[in-house]
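For the numbers below, each heavy atom of this structure counts, side chains included, while hydrogens, waters and symmetry mates do not. Protein chains get the first letters and strands the later ones, always in sequence-line order, with residue 1 at the start of each.
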There are 2 protein chains.
Amino acid sequence: MKGIRQLADYLEISIGTVSRALNGKPDVNEETRRRVLEAAEKLGYVANQSGRSLRQGTTNVIGLMTGSDAQTVENADNFFLGLTDGLQSVFSGHNLDLIVLPCPGEEDPDEYLKRMVARRMVDAMIISATRRIDRRVDFLKQNRLPFVALGRTASSTDHAWVDLDFEGVAKSAIDRLVASGHRSIAVAAPDSDINLGHVFLDGYRRALDDNGIAYDSSLVIRAKSSEQGGYHAASEWLQMRPRPTAIVLIYELMAVGLYRRLAEAGLEPGRDLAVIGFRDGPRGQFLEPRLTSFRMSLHDLGVTVAQTLLSTMPAYAPFYPAQARHCIWPMVLVAGESDPGPVS
Amino acid sequence: MKGIRQLADYLEISIGTVSRALNGKPDVNEETRRRVLEAAEKLGYVANQSGRSLRQGTTNVIGLMTGSDAQTVENADNFFLGLTDGLQSVFSGHNLDLIVLPCPGEEDPDEYLKRMVARRMVDAMIISATRRIDRRVDFLKQNRLPFVALGRTASSTDHAWVDLDFEGVAKSAIDRLVASGHRSIAVAAPDSDINLGHVFLDGYRRALDDNGIAYDSSLVIRAKSSEQGGYHAASEWLQMRPRPTAIVLIYELMAVGLYRRLAEAGLEPGRDLAVIGFRDGPRGQFLEPRLTSFRMSLHDLGVTVAQTLLSTMPAYAPFYPAQARHCIWPMVLVAGESDPGPVS
DNA sequence: CTGAAAGCGCTTACAG
DNA sequence: CTGAAAGCGCTTACAG
């Protein structure tokens with residue numbers, strides 16, 4: 001089966017009627033519609049996307065831009081894959097397809113985004129891993145392409161975004177550690193300009209302040225968001241004098257490397273250093289002792305991201321009248337055995 | 001900047017000349033070409049993909065289909081992300097863009113593929129996680145869409161494919177364990193119909209046979225390809241009488257759960273059970289004791305997959321004249337401390 | 001309710 | 001070397 005022309009010839013009706021029948025337009029005889037649908041099914045006809053796109057000016061495709069640089073790959077947990085499922089559960093109801101656009105490691109993310117937008121590959125874009133100053137946001141605003149950012153940015157606030165509650169995480173973690181007697185609490189923060197690092201550190205400072213503890217910048221360890229980063233953070237911690245009695249990690253995978261480094265030094269997480277991790281998941285769940293971390297539903301986050309995005313698109317906004325433009329996604333602390341009070 | 005029309009008007013030349021200049025056709029005055037390129041850059045013009053695709057019949061996009069079902073998500077390591085980088089390094093040289101097409105968990109993979117192909121979203125497809133009988137292969141062959149399968153299938157052999165050397169892995173692992181004195185070696189195999197499970201088990205049987213050891217089907221543990229699966233496999237092993245002295249795992253992440261389950265039982269990998277894992281990577285690398293596993297370059301694998309695919313496409317085949325249609329990707333054993341000889 | 005026709009943005013024979 | 005024109009496969013006013 002090639003195109004709508006062949007299908008129309010086969011049915012001996014005009015391509016206009018075929019198109020209308022297929023697209024569920026009301027002004028089609030029900031018997032005609034039935035015949036068209038049946039024939040399309042039988043012959044395996046599906047409209048060529050380029051033809052539709054060119055005519056309609058829309059692609060019915062939503063893009064999710066991710067990085068594929070070494071750093072992102074190293075940090076690869078199931079975050080995006082889990083998110084995808086939630087996104088698609090919303091998009092599929094509108095006949096929108098999700099495609100993932102992995103920015104090549106060598107290409108500048110800003111340039112890559114520009115190229116994808118200019119080629120009109122997608123109707124809307126989901127960007128992630130926002131930086132403190134993120135030019136992609138300005139570019140998308142300027143080009144009037146609907147988008148939602150997964151992560152806030154300091155350079156713009158009036159666009160649609162969804163972000164994890166990094167302040168809340170910092171606050172819960174610090175309060176809990178202080179409550180069990182810790183006063184010297186280190187933190188492993190990203191070594192890049194990614195915005196979440198700033199939000200997290202702000203939350204950390206504020207939480208310390210709330211607890212009457214002075215902020216000490218030497219307790220902020222910069223590390224990569226990977227197992228390797230956690231290993232590095234533990235090495236840094238080992239060299240501190242005096243050593244903080246607790247540490248809060250900002251990435252799920254860091255805990256794995258940190259545990260390993262402590263073991264190599266003959267030390268034990270929980271006993272020698274209280275550890276609170278970030279997002280709980282299979283990685284941290286199988287650690288011994290079990291990691292105290294924060295729970296969230298990736299699927300539900302995906303649903304919210306998708307709904308937030310659609311609510312900014314005129315064609316879909318009516319379906320989501322009450323959708324907020326911004327959302328800070330809560331995370332719930334799940335107690336493990338990795339963060340008891342300090343040995344006194 | 002809207003379209004080629006605007007750019008042509010701006011330059012006061014015809015759209016045909018603009019198109020030829022932009023596409024590097026030889027019959028364009030060099031001064032004209034310079035002006036066009038300059039103006040396009042200045043005004044940010046990039047050809048609308050739908051227009052090009054419709055006219056040319058090609059999209060200049062390659063699709064990588066992945067699953068996004070619970071099983072795939074759970075098994076999410078950085079496999080696809082790492083692969084992506086290698087793929088793009090080849091594609092970018094031909095101005096081809098890679099997009100990832102995540103099949104929604106609820107949708108049938110065969111149907112999803114059909115839809116994507118029928119809509120003409122991509123010029124070629126990379127499919128992965130091939131099953132023993134994989135209808136996607138037949139569908140793609142029948143539709144004459146260029147494709148490469150990452151993974152073999154029993155239902156077809158004459159298409160392009162690249163696969164990891166599961167027989168070689170089984171052979172190396174068994175030989176090594178036997179050499180250090182093991183005679184009772186269990187194996188954790190996937191519980192699905194994924195083809196690699198069959199290949200791996202065939203290799204396992206052959207390697208046992210080579211070593212004069214009888215195959216015992218009760219030593220084959222079926223488990224999910226995740227941490228949870230490894231945890232489950234260890235539970236199964238704990239119940240065996242007599243317990244095999246060694247186990248070979250078919251997925252990277254299984255080792256994490258297996259280690260955990262052993263620890264819960266007061267047992268130690270290496271001492272109480274020799275363990276050989278699959279692909280080495282950050283997950284297994286940080287285990288204690290260090291996991292014996294197999295090394296490969298994901299990036300190089302991506303390069304080979306991309307080249308294999310392009311060699312099947314008439315437009316790109318001339319660039320890869322010597323490319324084989326099939327490739328079994330070797331993996332090299334990296335010794336850790338998880339698989340010493342049995343305690344006698 | 002249906003058909004004929006225009007036109008979305010491009011590329012590419014074809015003339016000149 | 002350049003321009004004018006056709007046409008890729010669709011959808012959608014517009015007539016009837």
Is any side-chain nitrogen or oxygen of [X] closer than 4.0 Å to OP1 or OP2 of [N]?
{"X": "A:S50", "N": "D:dC8", "value": "no"}
{"X": "B:N23", "N": "C:dT11", "value": "yes"}
{"X": "B:T17", "N": "D:dT2", "value": "no"}
{"X": "B:R52", "N": "C:dT11", "value": "yes"}
{"X": "B:Y45", "N": "C:dC10", "value": "yes"}
{"X": "B:Q56", "N": "D:dC8", "value": "no"}

What is the distance, to the nearest angstrom, from the [atom1] atom on [X] to the [atom2] atom on [N]?
{"X": "B:L54", "N": "D:dG9", "atom1": "CG", "atom2": "P", "value": "7 Å"}
{"X": "A:N48", "N": "C:dG9", "atom1": "CG", "atom2": "C1'", "value": "14 Å"}
{"X": "B:N95", "N": "C:dT11", "atom1": "CG", "atom2": "P", "value": "12 Å"}
{"X": "A:R55", "N": "C:dC8", "atom1": "CZ", "atom2": "P", "value": "9 Å"}
{"X": "B:R5", "N": "D:dA4", "atom1": "CZ", "atom2": "P", "value": "9 Å"}
{"X": "B:M121", "N": "D:dC10", "atom1": "CE", "atom2": "C1'", "value": "16 Å"}
{"X": "B:I4", "N": "D:dA5", "atom1": "CD1", "atom2": "C1'", "value": "14 Å"}
{"X": "A:Q49", "N": "D:dG9", "atom1": "CD", "atom2": "P", "value": "15 Å"}

> How do A:D27 and A:L22 order along DNA chain D: which one's closest nucleotide is nearer the 5' end?
Replying inline: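 Its nearest nucleotide being more 5', the pick is A:L22.
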>> Assuming nearest nucleotide by heavy-atom distance, tell me which of B:G51 and B:E30 is located more 5' along DNA chain D.
In response: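 Counting from the 5' end, the first nearest nucleotide belongs to B:E30.
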> If pairing requires Watson-Crick or G-U wobble contacts with both distances under 3.5 Å, which nucleotide is the partner of C:dA4?
Replying inline: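 Partner of C:dA4: none found under 3.5 Å.
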> Taking a pair as Watson-Crick or G-U wobble with both distances under 3.5 Å, which nucleotide is matched to C:dA13?
Replying inline: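 Base-paired to nothing in any strand shown.
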Within the structure shown, what part of the strands sits under 4.0 Å from [X] by heavy-atom distance: base, sugar-phosphate, or nothing?
{"X": "B:I15", "answer": "base"}
{"X": "B:G16", "answer": "base"}
{"X": "A:T32", "answer": "sugar-phosphate"}
{"X": "A:S19", "answer": "base"}

>> Show, in sequence, the C-alpha distance, side-chain angles and deciding distance for B:D110 and B:R131, and conclude whether the salt bridge (charged side-chain N to carboxylate O under 4.0 Å, His left out) test is met.
In response: CA-CA 12 Å; B:D110 297 336; B:R131 297 181 299 275; 3.4 Å; yes
May I ask you to say whether [X] pairs ionically with [Y], meaning some side-chain N is under 4.0 Å from a carboxylate O?
{"X": "B:R136", "Y": "B:D134", "value": "yes"}
{"X": "A:E38", "Y": "A:R34", "value": "yes"}
{"X": "A:K141", "Y": "A:D158", "value": "yes"}

> Would a line drawn from the ring center of B:H94 to the ring center of B:Y320 be shorter than 6.0 Å?
Replying inline: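 Yes, ring centres under 6.0 Å apart.
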> What about B:R20: does its side chain form a donor-acceptor pair under 3.5 Å with the base of D:dG3?
Replying inline: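 Checked by distance alone, the answer is yes.
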> Between A:D9 and A:R5, does a salt bridge (charged side-chain N to carboxylate O under 4.0 Å, His left out) hold up when you go through it step by step?
Replying inline: CA-CA 6 Å; A:D9 287 351; A:R5 181 82 265 159; 3.7 Å; yes
